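Keep in mind it's a predicted model, so treat the numbers as computed, not measured. Quick note on labels: first sequence line is chain A, next is B, and so on, each numbered from 1.
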Amino acid sequence: MTEPTDADLRRLLLIRHFETALLDLFAAGRLAGTTHTCLGQEPVAVALADLLDERDFEFSNHRGHGHYLARFDDPAGLLAEIMGRAGGVCAGVGGSQHLLRGRFLSTGVQGESVPVAAGTALHLARTEPGKLACAHIGDGTWGAGAVYEALNLAVLWRLPLVVAVEHNGIAQSTPTAAQLAGTIAGRAAAFGAAYLHVADDDVAAMRDLVAGPLARVRDGAGPLVVEFATRRLGPHSKGDDARPPQQLAALREHDWYPRHARLCGERFARLDAEQRDRVAEVVAEVSARPPATPPAPSPAALSPSDNPAESPWQLVNA
Amino acid sequence: MTEPTDADLRRLLLIRHFETALLDLFAAGRLAGTTHTCLGQEPVAVALADLLDERDFEFSNHRGHGHYLARFDDPAGLLAEIMGRAGGVCAGVGGSQHLLRGRFLSTGVQGESVPVAAGTALHLARTEPGKLACAHIGDGTWGAGAVYEALNLAVLWRLPLVVAVEHNGIAQSTPTAAQLAGTIAGRAAAFGAAYLHVADDDVAAMRDLVAGPLARVRDGAGPLVVEFATRRLGPHSKGDDARPPQQLAALREHDWYPRHARLCGERFARLDAEQRDRVAEVVAEVSARPPATPPAPSPAALSPSDNPAESPWQLVNA
Amino acid sequence: MAARQRVAESLNAALATALADDPRLYLLGEDILDPYGGAFKVTRGLSTRFPRQVLGTPISEAGIVGLAGGLALAGDRAIVEIMFGDFATLAFDQVVNFAAKSVTMYGRRVPMPVVLRCPTGGNRGYGPTHSQSLQKHFVGVPSLAVYELTPYHDTTDLLRGILAAGEPAVLFEDKVLYTDWMRRDGAADDLFRYDVVGDWPGVARVRLDDAPPECIVVAPGGVADRALAAMRRLLLESEIVTELHVPARLYPVDLSPVLDGAGRAGRVLVVEDSTAGGTWGAEVAHTLHTELWGRLRRPVRLLHAADSVVPAAPHLERAVLPQDGSIAGAVEEMCHG
Amino acid sequence: MAARQRVAESLNAALATALADDPRLYLLGEDILDPYGGAFKVTRGLSTRFPRQVLGTPISEAGIVGLAGGLALAGDRAIVEIMFGDFATLAFDQVVNFAAKSVTMYGRRVPMPVVLRCPTGGNRGYGPTHSQSLQKHFVGVPSLAVYELTPYHDTTDLLRGILAAGEPAVLFEDKVLYTDWMRRDGAADDLFRYDVVGDWPGVARVRLDDAPPECIVVAPGGVADRALAAMRRLLLESEIVTELHVPARLYPVDLSPVLDGAGRAGRVLVVEDSTAGGTWGAEVAHTLHTELWGRLRRPVRLLHAADSVVPAAPHLERAVLPQDGSIAGAVEEMCHG
Ligand SMILES: Cc1ncc(C[n+]2csc(CCOP(=O)(O)OP(=O)(O)O)c2C)c(N)n1
Ligand SMILES: Cc1ncc(C[n+]2csc(CCOP(=O)(O)OP(=O)(O)O)c2C)c(N)n1
Ligand SMILES: [Mg+2]
Ligand SMILES: [Mg+2]
């Protein structure tokens, strides 16, 4: 195992401390609603972020903070969104599960985003060849029919679609064996999609594995399903974990955090403190902000403009 | 190839002449609505019918006349239903695509019936072990997400579900290659369902192939996908065939009808005339019936009965 | 002078114009490619003329509506033909929870030009799962507009406007209307004239010159012909003058063009093919009761399909759907009852 | 005397009773098994007590509602917990085109005891796809009944009746209501009394003894607490006497218990969490306008959520949903405006 770069370690730690801070805020009664932390799954987000281009579409899900932070390094914008404070990335309307920035979008209904991602992939194939659409889903989301409708279409039309599966062995409270018959590899094969299994959670090694297949997607080979073996260390949402303590302890034992701490020694300690402090500062700063102001009532855009061919909206990373 | 029994040949010919009569009635302007004939696909219906039990649930689809006739030998009830005359099996309400009799049911929305069939399979597994639920779908219906949601559940719960796929190479006007990525075999494998390919359309040979796997379903081995290679000789619905004449001619060449005529000689001619006459009589008799009377307005069953545990309805073949 | 056009031809021409005008517009659907040209032949010729933009899909209603949402998100536009509007139920999540919601749920306006075309309604003997009029179930979703094709509104203009609004929309298209004639030059038939009034897309008013109506009939496009037949009958057999108002946009519906006439006539009948309960008509009625408080002679009356599935047998089907006779009967009751 | 019960506890007990009474009843849903016991813990303990009947499922809303339909078809009964009612959109086809249609589309009555339980509504900060009140979209489907949990109707009796009716039903359950107390002994709070009148399942009337109301408020169970808070405020701060009517069945809704009081008060406000447009309230209003023609002092007024998604930030969310203050304000306007 190679040591992670500073940049990667920083991002891993940023996400770790961000998510931990959210759970603390919840415990302190300072957060409302729901939040699904990606504790334990940070390496997937960090590994993929460097392989994605600004013009790639990325579709995240309920467990999307890591994906967002790895792409944008914007903990304040995300925290403000989650806390409903001024400066949130979606003005407090979307909250934890509904984020949009540039070509990054998350939604809260499982499976729904895969056909949508296929649609953006069709756009890209036609007008921006070399770019791709990546949809993050969990193992449990393979229960949803929409995933198959999208996969079928994507293979038929050879769309540059990547379905990035974070297989953490559980869906909310349901172990994978109770919700998934057969395998994800078999499901990709059934549709003729390329498939890659990534068991490692060392960021550099993960990238090495994924880079080639991803390049083939960009070259027009059609969709790819990448299955990442990963671990959910925290509760599904807030404090709802019903797993036995031994199981959690076993998961924590294999977590990247202590492993990297051992591997990187002082460098880890330094960056860990740096990111911990950074998150603490963000928490303090954002907590002091005023509440988000209500968005202006949306214009009733129901009368036609003169030039329907002119799109008012070009999606690029802001 | 062995000669079909009289009984099988009779049923094949009954369905053939029934469907042909429907197209004639349409052409003569004597039928309204829509109708999807199973011309060319009769052997699937006839082969399966003898392997199914009266207490098995059977879910048919838009192309369901053959399934119905093979199970019930009731051309008059079906024709009256399709023509909206008195004595129709569903009082003229359901029409060609919505049939219910005993444990046989058809619906007009593709894919919808597979989860429903899984539900009946759950009931059977619990209370009538040895019985199964069979859902007929076409190759095109593998586009529908509901099929996968059902298959996943059925394998997880080892339900006695048979998905009988009539792969006729086309969905309405769309060739299979344009709507199905990968293979049906692969899709069954992806979910861990048993799979059987039946290329033959000789009824006895088909039964020989299917009997064993079906028995395993009854024994509790979990779901089975049977894929029948078959041919749609007629239009999708009424007169909407856009396939080139050579293609249709090639399909007709392999049809069981001329093959059986050659194989069975005089016996075929006799039974063919018998069933042709039978259908003609049914058409004459049913055409002379009065229109179906409107069903009694359904009782507003919205007040509770005293004994919720007592079901008013036991589904057995009437 | 241009030849008369059937509604389906006019829709076909409107789609062709839209595809030609905007190379980023896609048309998606099952069996829409030539030579088949769609279950109702509305897309005939389009895949030949616009092969890059017209895509035939598998049987995946949720999938293709999601795909359309993705295209829209990326700056394209998409029209999806749902073969029978009944199957739009399969895409209900994509419509309500993705396409419509995305317009505002990210705290800023996200254009989402996605149109579901839904061949709709009965009177064709297709049976319970192929004959429904599901408009009401799509009414009242924030950022989702609901339209219905009419023989009085220019189809090209309507489609252009729907797409330009940049919001998701469901366009209902009565299947019987497809073979009807588009009206033009202000003539609804040999007796009744029409004009289209109000803000885009406007309400078509079908009426007699100079004869004040005793009752206003409000109806979506699919019912308009049956309503017109009833109005002829009422005029010729019972000497009752009525006026028909046909809005092309059902939601949000702009009733301001209706108010004046309705207030003067004092009687309003809303006719629709929807089954009973929570209908579009109830929404219209509530607005009229509120806006015309004290000016109506009697409550707004709703005439809709029975609380029943649509049977397959034509004679049974006819009995559950509003027809000329039941419309005329309702008006007579209101005027003389 | 039995201990006080929260609404969620009462629902849990009702489910337990139903499962115990009928071994052919299934309860299906995502993450409903112990020890997790469901996203809102409503099913806690049930899988332990009834392991054969309570089944945890994959994330397959359409699939499990279809499965429930199959169970019902085979003579069993099924309750499906949809984790968030928002996801019932994914099962819309199964509900509308299979479960509801099967009751009558085969020309004879087919019992179809399938109940979708839908945790519903906002005020919890869950954001736009987890906070909707989609009742109106399920109103008016032939053979489909729509219910909503209330703190006034005995939950065991309600559930038993829904199942016994043998028709598919959607039961909406306000998420905030789960932690509220079930009312009993006729006491809504320390000021207001209640009784349940009319045919099963009845309308709860919440009122003062002997003080005739100036305005009738009609609201489903989820809004009832906010309405009651508004009524207290109106009484104590403005001396306006109001009366609340809470029907447990929203569709078909039996308004006969409302008519008399509404006619006497002459003012009716309908409050609901649905967004604007085509709401359940419009249906109620139309019936009242028709039945009480000439007896109302002013049009029935509808108060509902804004025409907006439900934002995640609690203060933004509060502003788009009806609250005590907006309810009280609407009544004041009606009485003094
Ligand atoms: C259609 C739908 N059904 C149910 C839910 C509720 N829900 C949110 S996350 C989740 C589990 C998802 O499991 P998985 O896909 O494995 O992702 P993980 O949470 O493990 O990252 C469920 C059931 C949902 N959001 N959408
Ligand atoms: C959900 C849905 N979408 C579309 C249709 C319209 N439709 C009826 S049959 C059919 C093609 C079915 O193809 P396949 O499953 O191969 O069966 P086949 O007709 O070949 O027997 C289509 C698209 C439908 N009935 N249901
Ligand atoms: Mg998981
Ligand atoms: Mg086929």
What distance do [X] atom [atom1] and [Y] atom [atom2] have between them, rounded to the nearest 0.5 Å?
{"X": "Thr127(A)", "Y": "Asp76(C)", "atom1": "OG1", "atom2": "CG", "answer": "6.5 Å"}
{"X": "Gln110(A)", "Y": "Asp93(C)", "atom1": "CD", "atom2": "CG", "answer": "11.0 Å"}
{"X": "Leu122(A)", "Y": "Leu28(C)", "atom1": "CG", "atom2": "CG", "answer": "7.5 Å"}

Under 4.5 Å, counting heavy-atom pairs only, tell me which of [options] racks up the most with chain A.
{"options": "Pro58(C), Gly69(C), Ala68(C)", "answer": "Pro58(C)"}
{"options": "Ala99(C), Ala18(C), Ala169(C), Gly70(C)", "answer": "Gly70(C)"}
{"options": "Pro113(C), Ser60(C), Pro142(C), Ser102(C)", "answer": "Ser60(C)"}

Under 4.5 Å to a heavy atom of chain A? For Leu25(C) that would be neither
Applying a strict 4.5 Å limit to non-hydrogen atoms, the region of Ala62(C) in contact with chain A is both
Between [X] (side chain) and [Y] (backbone), is there a donor-acceptor pair under 3.5 Å?
{"X": "Gln94(C)", "Y": "Glu112(A)", "value": "yes"}
{"X": "Tyr106(C)", "Y": "Val89(A)", "value": "no"}
{"X": "Arg108(C)", "Y": "Ala91(A)", "value": "no"}

Less than 4.5 Å to any heavy atom of chain C: does that hold for the side chain of [X], its backbone, both, or neither?
{"X": "Ala118(A)", "answer": "both"}
{"X": "Ser106(A)", "answer": "backbone"}
{"X": "Phe59(A)", "answer": "side chain"}

In terms of heavy-atom pairs under 4.5 Å with chain C, the winner among His98(A), Glu128(A), Arg126(A) is Arg126(A)
Note: vs chain C, highest number of non-hydrogen pairs under 4.5 angstrom among Leu124(A), Leu156(A), Val109(A) is Val109(A)
May I ask you to test the [X]-[Y] pair for a side-chain heavy-atom distance under 4.5 Å?
{"X": "Leu71(C)", "Y": "Thr120(A)", "answer": "no"}
{"X": "Thr104(C)", "Y": "Val93(A)", "answer": "no"}
{"X": "Met105(C)", "Y": "Leu100(A)", "answer": "no"}

Q.
Does atom CG (Asp195(C)) have a neighbourhood of more than 12 heavy atoms from anything else shown, all under 6.0 Å?
A. yes
Is there a side-chain contact (heavy atoms from CB on, under 4.5 Å) between Leu73(C) and Leu105(A)? Walk through the geometry before answering.
CA-CA 10 Å; Leu73(C) 199 63; Leu105(A) 179 145; 3.7 Å; yes
